[in-house]
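What follows is a short report on a single structure.
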Amino acid sequence: MKLERGVPLARLTTIGTGGPAAALARPQSLSELQDALRYAEADGLDLVVVGLGSNLLAADEGVDALVVRLEGELAAVDVDGTTLRAGGGATNAVCLHRARGAGLGGFEFACAIPGTAGGGVKMNAGAYERDWSDVLERALVVSARAAEWRARDELELSYRHSGLGTREVVATVEFRLEPRPPEEVKRMVADLVARRKATQPTNKRTFGSVFKNPPGELGAGKMLELCGLKGHRIGGALISPMHANFIENAGGATSADCVELMDEARRRARERFGVELEREVAFVGELELED
Ligand SMILES: Cc1cc2nc3c(=O)[nH]c(=O)nc-3n(C[C@H](O)[C@H](O)[C@H](O)COP(=O)(O)OP(=O)(O)OC[C@H]3O[C@@H](n4cnc5c(N)ncnc54)[C@H](O)[C@@H]3O)c2cc1C
């Protein structure tokens, strides 16, 4: 198994920040993946799986871990009847394209989620009142010593959460879709993408939603907007002038800039609304929010 040393996570994350990974493996098959996981275990290295890095913030100092990115067979997609089988590293865009080509619908909601099938399981990603738990049938979960299929109910999926452990990797995902004419899928996707573009900074470097929406009527974005945070900048990180629950890399941002902005946002939401905002973005390496 080939390992790359010192690859900056800035290259693997959509926000474009993050220092070097101790080691990076790009397994192409299940056996290569398990080799990599055993290597990490034997060397006492932490494990970080990276999909498209679209909900990840990595420490500027780097990450003392084996970073794994699924490629080859582990990013392939095929269709069997109404089942779409995707490698954990398959992008949502490719899954959707294959589903449409096969006359299958149900996955349209994922059109604006720029991640992978496996990352979607970990985060129980969702949009427009649907999430992975609505279409996921089962997932192949792999660790250094085992590979087992887990049915949807065994994955403990809830709002942007799954019960997957830190050393568990989703290698394959099976989605149960439904017959739908490709033209209809195309129309639905065009409509959702247009809605997205009108409300979110889709053409900027971000890591998606910063905070989970707290219970109640008011979403995190609206709350932070009412705190006057739209356009607030620290270093190269900017609270999106378009949607306050996004942080943009406005040029030269560091992960530390992003964390400082998040601290400021949480402070203001606490003062004004008495709400403790919980981060949605996954932290990798030595990153922490203030209490
Ligand atoms: C512009 C933009 C819009 C977005 N809109 C949405 C939205 O509408 N809804 C939404 O839910 N999210 C949204 N996101 C966030 C993000 O796209 C999702 O959370 C996505 O599912 C993350 O997938 P990923 O493959 O990029 O995972 P990464 O960001 O690479 O990783 C996220 C977490 O999943 C883990 N992980 C990744 N792959 C695997 C795997 N194969 N097995 C086990 N663990 C894994 C990582 O270790 C990490 O903990 C948006 C992001 C951006 C940049």
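When a ligand or atom number is given, it counts from 1 through the structure's own listing order. All values derive from a computational prediction rather than experimental measurement. We're numbering straight along the sequence, starting at 1.
In this structure, atom 35 (C) of ligand 1 lies nearest to the protein heavy atom K122 CG, 3.4 Å. Closest to atom 31 (O) of ligand 1, if we only count protein heavy atoms, is L56 CG, 3.8 Å. Scanning all protein heavy atoms for the shortest distance to atom 12 (N) of ligand 1 gives I113 CG2, 3.9 Å. Nearest to atom 15 (C) of ligand 1 among the protein's heavy atoms is S54 O, 3.6 Å. The protein heavy atom nearest to atom 9 (N) of ligand 1 is G126 O, 2.6 Å. Shortest contact from atom 42 (N) of ligand 1 to any protein heavy atom: V170 N, 2.9 Å. Taking atom 27 (O) of ligand 1 as the reference point, the nearest protein heavy-atom neighbour is G119 CA, 3.9 Å. Given atom 47 (O) of ligand 1, the protein heavy atom at minimum distance is V49 O, 2.7 Å.
Counting all heavy atoms, side chain and backbone alike, R205 lies closest to G16 at NH2-CA, 3.5 Å.
Proximity of V169 to ligand 1 is established by a heavy-atom distance of less than 4.0 Å. Under the 4.0 angstrom criterion for non-hydrogen atoms, R196 is in contact with ligand 1.
Taking every heavy atom of G115 and a limit of under 4.0 angstrom, the matching atoms of ligand 1 come to 23 (O), 24 (P), 25 (O), 26 (O). Within the listing of ligand 1, atoms 2 (C), 50 (C), 51 (C), 52 (C), 53 (C) sit less than 4.0 angstrom from a heavy atom of G208. Numbered from 1 in the order shown, with element, the atoms of ligand 1 that lie under 4.0 Å from a heavy atom of A125 read 11 (O), 21 (O). Distances below 4.0 Å separate heavy atoms of T206 from the following atoms of ligand 1: 1 (C), 53 (C). Every atom of ligand 1 is numbered from 1 in the order shown, and the set under 4.0 Å from a heavy atom of L52 is 24 (P), 25 (O), 26 (O), 30 (O). Using a 4.0 Å cut-off to heavy atoms of A127, the atoms of ligand 1 that qualify are 8 (O). Ligand-side atoms of ligand 1 in range of E168: 43 (C), range being under 4.0 angstrom from any heavy atom. For ligand 1, the atoms sitting less than 4.0 Å from at least one non-hydrogen atom of G120 are 21 (O), numbered in the order shown with element in parentheses.
For R266, the side-chain contact (heavy atoms from CB on, under 4.5 Å) test picks out F211, R270, E276, L277, L289, with sequence neighbours left out.
Checked options L104, V79, V185, T83; the residue passing with L177 is L104 (criterion: side-chain contact (heavy atoms from CB on, under 4.5 Å)).
How far CG of L218 is from CG of N213: 9.0 Å, rounded to the nearest 0.5 Å. For the atom pair CD of E248 and CD1 of I15, the computed distance is 8.5 Å after rounding to the nearest 0.5 Å. The line from CG of D46 to OG1 of T166 is 7.5 Å long, rounded to the nearest 0.5 Å.
R85 has a carboxylate O that lies under 4.0 Å from a charged side-chain N of E174, or vice versa, which qualifies the two as a salt bridge. Electrostatic pairing of E108 and R130 does not count as a salt bridge here, judged by no charged N lying under 4.0 Å from a carboxylate O. Checked for salt-bridge contact, E168 and R150 meet the test: a charged N lies under 4.0 Å from a carboxylate O. A salt bridge links E264 to R267: one of the charged nitrogens lies within less than 4.0 Å of a carboxylate oxygen.
Note on I234: it clusters hydrophobically with F207, by side-chain heavy-atom contacts below 4.5 Å among ILVMFWY residues.
Of the heavy atoms in L70, only side-chain atoms (C-beta onward) come closer than 4.0 Å to ligand 1. Here P114 has heavy atoms under 4.0 Å from ligand 1 in both its backbone and its side chain.
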